[in-house]
Amino acid sequence: SVTKRAVAEAAQHDKVPRPVGFVPPPPPCPGKILHFDI
Amino acid sequence: VPAVPPAPLGCDDPESLAIAEAAVNYINGHSHHGYKFALNRVEDIRVVPQGPNSDIIFIELDLLETKCPILSPTPLANCTVRSFVEHAVEGDCDVKLQKVDGTLSVLASKCHSHADSREDIRKVCPDCPLLAKMNNTEVLGAVSAALNDYNSKTTDSYLRLLEIGRAKIQYHPVHTVVAEFAVGATNCSAEEAKANVGACQLLPEDQSNFGFCTAVMVKHPSQDLQVDCQLYGHQVRAPHIPLLSRPGVTYAHPGQDTS
C-alpha cells in the first residue's frame, strides 16, 4: 500500500508541545499587502 | 550526508522585495500602454539553483495601477497608486528571472490586468463613477472633441491620439465625461494641420514626443469642455514587448485620428 509519510511527519511536528506564548512564524508566502486588497 | 537545501525565500524577505522591484521596473520599462504599475504584494516566489552563484527565480506579483501614464518620465516612487474608489486596476504578473553572481535579469514576463469588480466598488461607494468601456461612444466623442479643441488653440505641434487610458461617466448631479488619453506629437504644426491633417504623421522614433491629456466634458445641465495636455519631450524607451493583455479597444495604427 502507498503511504504519504511526509505529511504524517509534519502532522507529528504540530503535536510537539509549544512553550507558552509561542507565536508560529508567518507563512513565507503570500507576502503582506502594501496598499489594499482588490 | 546530503547538503541541507536552503530555507525557502519568504515573500516579504528583503531579497524577495528586491527581486520584485527589479521585475516591476522591467514591466514598466517594457510596456508602452496604460499606466505604471506598483507592487501591492509578492504572491509567491521560488528559487531554483542552477549551480554556484546561479539561480532561476519564479516570482508571482500582485500589482496596482498608479496615476502615472506609462510614458511619463516621473519616477515610480513619485507615482500615486490609484485608490480603490477611483476604480483601481490590478495586474497579475508571473516573472522569470536569472540571478548570476548577484546580478538579476528578467528572462520572461507575463501579465494580465483587470479592473476591480463594479460590485466591490458599489459596496463601498455607491455613487462613485465607474470606469467606462474604452469604446463607449460618449467617451470617444469627448476625447475627440477635447483633442480637437486643444489642437485648435495650441501653437505647438499637432497632436494625434495614441490611446485612451481610462474614462468615467457621471450622470448625477451633473452629466460629465472625464477621460485620460495618450497623445503623440506629429511633424505638423497645428496651423499646418488645418490645411492638410492627413499629412500629419507621428514623429519618428528618434524624435518621438509623447504626452498625456486629461479632458473633462460637462454635458448637462450646462456644457463645458476643459482639456489639459502635458508633453514629456523626447525619451529613449526600451523596445516595446507586449506584456499586458489589454481589454477594450486597440488601435490598428498608433496615431489613428478619431475625428
Side-chain angles (χ1 to χ4, degrees), chain A, chain B residues 6-21 23-24 37-47 57-67 76-77 79-92 112-121 123-125 131:
Chain A
S1 61
V2 176
T3 60
K4 281 191 175 184
R5 282 173 301 166
V7 170
E9 285 168 359
Q12 284 168 2
H13 282 313
D14 284 349
K15 289 182 179 135
V16 171
R18 306 280 188 202
V20 174
F22 171 74
V23 176
C29 291
K32 60 181 181 292
I33 291 176
L34 300 177
H35 298 281
F36 48 84
D37 194 7
I38 194 170
Chain B
L9 211 52
C11 281
D12 285 332
D13 288 355
E15 185 178 350
S16 301
L17 295 176
I19 293 166
E21 184 181 357
V24 170
F37 277 95
L39 178 67
N40 191 34
R41 176 169 66 176
V42 177
E43 180 76 22
D44 196 9
I45 186 166
R46 232 168 9 101
V47 179
I57 301 161
F58 297 92
I59 190 167
E60 294 177 26
L61 301 172
D62 286 349
L63 308 179
L64 282 173
E65 252 188 14
T66 69
K67 294 183 178 181
L76 182 61
C79 295
T80 308
V81 167
R82 202 166 294 272
S83 69
F84 180 83
V85 292
E86 289 179 275
H87 208 156
V89 173
E90 178 184 40
D92 294 319
H112 177 71
S113 71
H114 55 88
D116 190 10
S117 78
R118 305 167 78 87
E119 294 71 25
D120 283 354
I121 298 189
K123 285 175 199 165
V124 174
C125 181
L131 278 177

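Just so it is clear, the values below take in all heavy atoms, side chains as well, and ignore hydrogens, waters and symmetry mates. Reminder, nothing fancy here: chain letters follow the sequence lines and each chain counts from 1. Just so it is clear, the structure is predicted and the values come from calculations on it, not from any experiment.
- Closest approach of B:L64 to A:F36, counting heavy atoms only: CD1-CZ, 3.8 Å.
- Here B:D62 contributes atom CG and A:H35 contributes atom NE2; the two are 11.5 Å apart, rounded to the nearest 0.5 Å.
- For B:D13, there are no side chain to side chain donor-acceptor pair (under 3.5 Å) partners at least two apart in sequence or on another chain.
- Not one N or O on the side chain of B:D120 forms a donor-acceptor pair closer than 3.5 Å with the backbone of A:I38.
- Residues passing the side chain to side chain donor-acceptor pair (under 3.5 Å) test with B:E60, sequence neighbours excluded: none.
- A:K32 and B:D12 make their closest contact through N-OD2, 2.9 Å (heavy atoms, listed as atom of the first residue, atom of the second, distance).
- The minimum heavy-atom distance linking B:C11 with A:G31 is given by the pair CB-N, 3.4 Å.
- Contacts of B:L9 with chain A are made by backbone atoms alone, with heavy-atom separations under 4.5 Å and no side-chain atom involved.
- Neither the backbone nor the side chain of B:L17 comes within contact range of chain A; no heavy atom of the residue lies under 4.5 Å from a heavy atom of that chain.
- Of the two parts of B:S83, only the backbone, made up of N, CA, C and O, holds a non-hydrogen atom closer than 4.5 Å to a non-hydrogen atom of chain A.
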